[in-house]
Amino acid sequence: MPIQQSDVKYTAVATAENGRDGRVATDDGRLDVVVNPPKEMGGSGAGTNPEQLFAAGYSACFQGALGVVARERGVDVTGSTVTAKVGIGKNDEGFGLIVEISADIPSVDAATARSLVEQAHQVCPYSKATRGNITVTLA
């Protein structure tokens with residue numbers, strides 16, 4: 001179920017100039033980066049790109065969700081990491097994204113790790129936002 005405006009606790013604000021070949025900055029100045037298309041897409045690759053920014057946000061959010069579900073289950077995930085690989089390519093409607101999420105949880109067995117990752121995927125806001133819109137696989 002979508003949240004209502006009255007439920008919002010925080011709103012991030014970012015403004016882009018010149019789209020994929022320019023600059024993106026947040027209103028509080030904490031993020032101010034040059035963005036350029038990657039070389040693989042004909043750009044200079046000199047700056048970051050929207051896919052890297054999305055991967056950074058998704059991996060951080062998913063790591064937070066992993067911590068929440070682990071605490072609820074009494075499982076220690078100290079030292080764990082989450083990696084998001086975000087791909088972009090052409091589709092019937094122009095371009096689309098694909099995501100692969102992987103987690104390294106050294107303190108638990110493979111079955112427990114897989115269960116935690118699957119549960120985190122159900123509660124992560126990025127996972128919820130992308131569900132049904134793009135392919136997200138759990139590695």
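For this chain, numbers begin at 1 and follow the sequence in order. Both backbone and side-chain heavy atoms feed into the values below; hydrogens, waters and symmetry mates do not.
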### Task
For the residue pair Ser80 and Asp104, establish whether any side-chain heavy-atom pair is separated by less than 4.5 Å.
no
### Message
Are the side chains of Glu118 and His121 in contact, using a 4.5 Å heavy-atom criterion?
### Response
no
## Note on the structure
The side-chain contact (heavy atoms from CB on, under 4.5 Å) partners of Ala14 (sequence neighbours excluded) come to Val24, Thr26
### Summary
Rounding to 0.5 Å, atoms SG (Cys61) and NZ (Lys128) come to a distance of 10.0 Å
Quiz question: by atom type and distance under 3.5 Å, do the side chains of [X] and [Y] form a donor-acceptor pair?
| X | Y | answer |
| --- | --- | --- |
| Arg73 | Ser115 | yes |
| Asn133 | Thr130 | no |
| Ser127 | Gln122 | no |

### Message
If the threshold is 4.0 Å, N to carboxylate O, is there a salt bridge linking Arg20 and Glu51?
### Response
yes
### Query
How far apart are the closest heavy atoms of Val8 and Thr11, and which atoms are they?
CG1-OG1, 3.4 Å
### Nearest non-hydrogen partners of Thr48 and Gln52, listed with the distance
OG1-OE1, 2.6 Å
### Task
Using the side chain to side chain contact (heavy atoms under 4.5 Å, CB included) rule, take Thr135 and Ile98 through it: C-alpha gap first, then chi angles, then the decisive distance, then the call.
CA-CA 5 Å; Thr135 300; Ile98 189 167; 3.9 Å; yes
### Query
Does Val69 sit in a hydrophobic cluster with other residues, and if so which ones, taking ILVMFWY side chains as linked at heavy-atom separations under 4.5 Å, directly or through other members?
Met41, Phe54, Tyr58, Phe62, Leu66, Val75, Val77, Val82, Val86, Ile88, Phe95, Leu97, Val99, Ile101, Ile105, Val108, Leu116, Val117, Val123, Tyr126, Ile134, Val136, Leu138
#### Entry: CA sep, side-chain torsions, deciding dist, call: Thr83, Ser102, side chain to side chain contact (heavy atoms under 4.5 Å, CB included)
CA-CA 5 Å; Thr83 301; Ser102 60; 3.6 Å; yes
### Task
Please determine which of Asn36, Asp32, Asn18 meets the side-chain hydrogen bond (donor to acceptor under 3.5 Å, both in side chains) test together with Arg23.
Asp32
